[in-house]
Amino acid sequence: MKIRTTFFLVPTLALATAVLVAQTQQPPPPTPPPQQPSEVITTITSGDGAAPRFAVPDFIALTPDAETQTIAKTIGQVLWDDLNFEREFALIPRDVYATIPAAHGMNDVPFDRWRELNADGVIIGTVQKTANGIRVEARLFNLKTQQMAWGKQYEGSGANPRSYAHTISDEVHEQQRALKGIARSRLTFDSDRDGERMTGTVEQRGVKEIYISDYDGENQRRVTATRSLNINPTWSPDARSIVYTSYRHGLPNIFISHIYQATMEELTKNAGNNWLPVFSPDGTKIAFGSTRDGVNQIYVMNRDGSNVHRLTSGPAINTTPTWSPSGTQIAFTSARTGDPAIYIIGADGLNLQRLTSDGYADRPTWSPAPFNEIAYASRTGSGLDIKVIDIATRRVTQLTFGEGTNESPAYSPNGRHIAFTSTRAGKMQVFTMSRDGKNIRQITRVGNNEQPNWSNVQK
Amino acid sequence: MRRFALFIVISAAIAVAGCHKNKPPITRPAPPPSAAPATQAARPPSPPEPVAEPTVVPPEPVRDDAIANAPLDELNRNSLLKPVFFELDSSDVNAEGQSVLNADAAILKKYPTWTVTVEGHCDERGSAEYNLALGERRAVAARAYLVSLGIAADRLRTVSYGKEFPFDPGHDEAAFAKNRRAHFVITAK
């Protein structure tokens, strides 16, 4: 694994580009924010109520070397994709930009020509090589007023230009639409892509290791190297650790990998089968399923594995917990009336209520606010499909319709997207879609990749 | 409902165990591993290949000590302990499963030093997450039945792999039926 060294940038960007497992360095210390140009706060609108139309051409390389030119092009392309992902702006396709003369800097932008494309806003950016890496400046211009609506400058490594685009996208969404963008968020999932085999009594079986990637599937990297079965990865709320189930010692137990420190802890130790860990929203607790007392029940422990207590009881399976955004409730799967169905219980173990009544249902995933819904996998025939249930009205919306089998939904941190697994393209792969089931995008392509979970954006 | 089903299974198991107390378990030597083609189930079956007629080597009579001396890997490749199969979404051991487990119990009594991991497995129609718990239930059901036949509980540990390791990678009922199982792996002897 490649090890990248320290970055000196805006703190958010440093975290977005920071590195993984094998690294032994501590994350870079927070650096003071760079000098920023004065910001003129204006919100760009289309004038007719439709989404504002934005153009995002390639960034301008201020130094003529090939590397800087490549970085400039990449940032423009990725920024276009990032902004397009949230559907808040109507992105004008890049192939019609060719008729517009390229600017050489912020001072010769042909506003009239962009306006002729019927654009409401254009993002112009520059990239310049520095002694330590690159300096990136981006400005959003309101084409009606020809004034800057937003602008910022970043300095840092040129090793991952995509992270500059992700940061710009999130900041533009925040400033223009008061929207928490997710371009700097990440996915984690398990994968058998390495084709490695287990040793010992079950040597013919393939291993699964934990992977992470950017939200768009780029920068896929391996987190574990155990040559055993590793499944159920979920992020800590600070997006710096991944808790998961590992069979590395034979029985399934819960481990946590601190991916920026290259350290790992074993949180449960061989008391039955332990799996499906999920962090509470405040990061202090982990809910999980365990058979330590016989029947599979839901338990909650502190994030260091201490103070384990049981939340559910009875003779039927209770499994697959998910926390409410406030941390006061847990939804889970229970087979207490036959087919598994989704239930909600208070984090104190009180006020149990049944949520779903449409047959076999599992993997509840509680949406972030402001949405008040739970996505889950529902058996709809020979396979499973993703559905969403509104908690207040109990109204169910089906999002996938038998294109292969569709499982393991996980919300993006702003609740507007759902990652899930599907066999629609052959093997089991990770996909993302909008919360209305549209805009399906394939994230993984090699091997089988399962049980995705979506991180918050690092602070 | 499941609970009652499980109780029925366990009561049935105890009843069977009672019978067996009166009638000692079969002490016939176990069949030689080479004569047990049904044990290949740990691997997905490979497609039939047209090959020349193989030279048949008559199986040598295997003495007990050959099994006792065989390495663990070899024991598990051609396991004397047969898997138990389950219905969709169910962890109940049916009559067929009971007869398989009766034979498995006899072998475990014959080799009292063996310790065994009972693996629970599921087919792909359930969800990955719930199948972990369901597979564990299957392993526990098989283990409970063996314990009811007098096998010491501390010789049998249970683990579920959910649907992570299908024995047959197919996507039809024939494959699913093979994948809904409790499978035995000898871990020490």
Side-chain angles (χ1 to χ4, degrees), chain A residues 190 192 198-206 208 229 231-232 245 247 250-252 270 272-273 275-276 289-291 294-297 314-321 333-340 360-364 376-379 381-384 405 407-408 421 423 428 448 450-451, chain B residues 1-7 40 42-44 71-77 79 88-91 116-117 119-121 123-140 144 157-167 169 171-173 176 183-189:
Chain A
D190 64 51
D192 67 0
M198 288 194 189
T199 54
T201 49
V202 290
E203 79 255 353
Q204 72 276 29
R205 294 176 183 170
K208 284 187 173 175
L229 185 63
I231 54 176
N232 315 146
T245 305
Y247 290 67
L251 290 177
N270 276 325
N273 289 208
W275 37 46
L276 297 163
S290 175
T291 63
V295 177
N296 197 110
Q297 302 288 0
I317 290 170
N318 297 299
T319 190
T320 327
T333 303
S334 178
R336 60 190 67 202
T337 57
D339 272 345
Y360 189 111
D362 186 30
R363 184 62 281 176
Y376 59 101
S378 171
R379 186 183 281 163
S382 61
L384 300 147
T405 192
E407 291 190 48
S408 303
T421 53
T423 55
M428 191 68 94
N448 289 285
E450 296 189 52
Q451 299 188 25
Chain B
M1 219 157 73
R2 296 267 159 111
R3 178 184 203 177
F4 294 133
L6 186 65
F7 280 159
Q40 65 187 0
R43 287 166 196 277
L72 276 184
D73 285 359
E74 181 59 32
L75 282 179
N76 284 312
R77 244 192 304 280
S79 184
L88 178 63
D89 296 337
S90 168
S91 55
V116 169
T117 294
E119 298 181 351
H121 296 272
D123 74 28
E124 68 185 30
R125 279 176 295 179
S127 53
E129 295 85 1
Y130 182 78
N131 271 347
L132 291 171
L134 177 62
E136 204 266 348
R137 273 236 148 155
R138 288 177 175 160
V140 165
R157 78 172 185 173
T158 54
V159 62
S160 172
Y161 288 108
K163 60 173 174 177
E164 299 293 337
F165 296 128
F167 290 84
H171 304 289
D172 53 15
E173 178 48 43
F176 298 154
H183 177 85
F184 300 97
V185 174
I186 303 160
T187 52
K189 68 188 185 78

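Letters go in sequence order (proteins before strands), and every chain restarts at 1.
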Problem set entry | Spacing of Ile317(A) atom CD1 and Arg137(B) atom CZ [to the nearest 0.5 Å] | 5.0 Å

Exercise. What's the spacing between Asn296(A) CG and Leu134(B) CG if we round to 0.5 Å?
Worked result: 10.5 Å

Exercise. Is the closest side-chain heavy-atom distance between Glu164(B) and Tyr247(A) below 4.5 Å?
Worked result: no

Seminar exercise, completed: Nearest heavy-atom contact between Tyr161(B) and Gly250(A) is OH-O, 4.2 Å

For this session: Taking Asp89(B) for its side chain and Asp339(A) for its backbone only, find out whether a donor-acceptor pair lies under 3.5 Å.
Result: no

Problem set entry | Contact check, side chains of Arg157(B) and Leu251(A), non-hydrogen atoms, under 4.5 Å | yes

Exercise. If you count heavy-atom pairs under 4.5 Å with chain B, which of Thr333(A), Ile231(A), Thr421(A) comes out on top?
Worked result: Ile231(A)

Problem set entry | Region of Asp192(A) that comes under 4.5 Å of a non-hydrogen atom in chain B | neither

Exercise. Hey, does Thr245(A) have a side-chain heavy atom less than 4.5 Å from the side chain of Leu132(B)?
Worked result: no

Seminar exercise, completed: Cut-off 4.5 Å, heavy atoms of chain B, and the answer for Ser382(A) is backbone

Exercise. Between Tyr130(B) and Ala335(A), what is the shortest heavy-atom contact and its length?
Worked result: OH-CB, 3.2 Å

Exercise. Going by heavy atoms in the side chains, are Thr291(A) and Val140(B) under 4.5 Å from each other?
Worked result: no

For this session: Return yes if some donor-acceptor pair links the side-chain N/O of Asn273(A) with the main-chain N/O of Glu136(B) below 3.5 Å, else return no.
Result: no

For this session: Looking only at non-hydrogen atoms, find the nearest pair between Arg205(A) and Glu119(B) and report the distance.
Result: NH2-OE1, 2.7 Å

Problem set entry | Lys/Arg N to Asp/Glu carboxylate O, Lys163(B) vs Glu407(A), below 4.0 Å | yes

Exercise. Hey, does the side chain of Tyr360(A) reach the backbone of Ser127(B) with a donor-acceptor pair shorter than 3.5 angstrom?
Worked result: yes

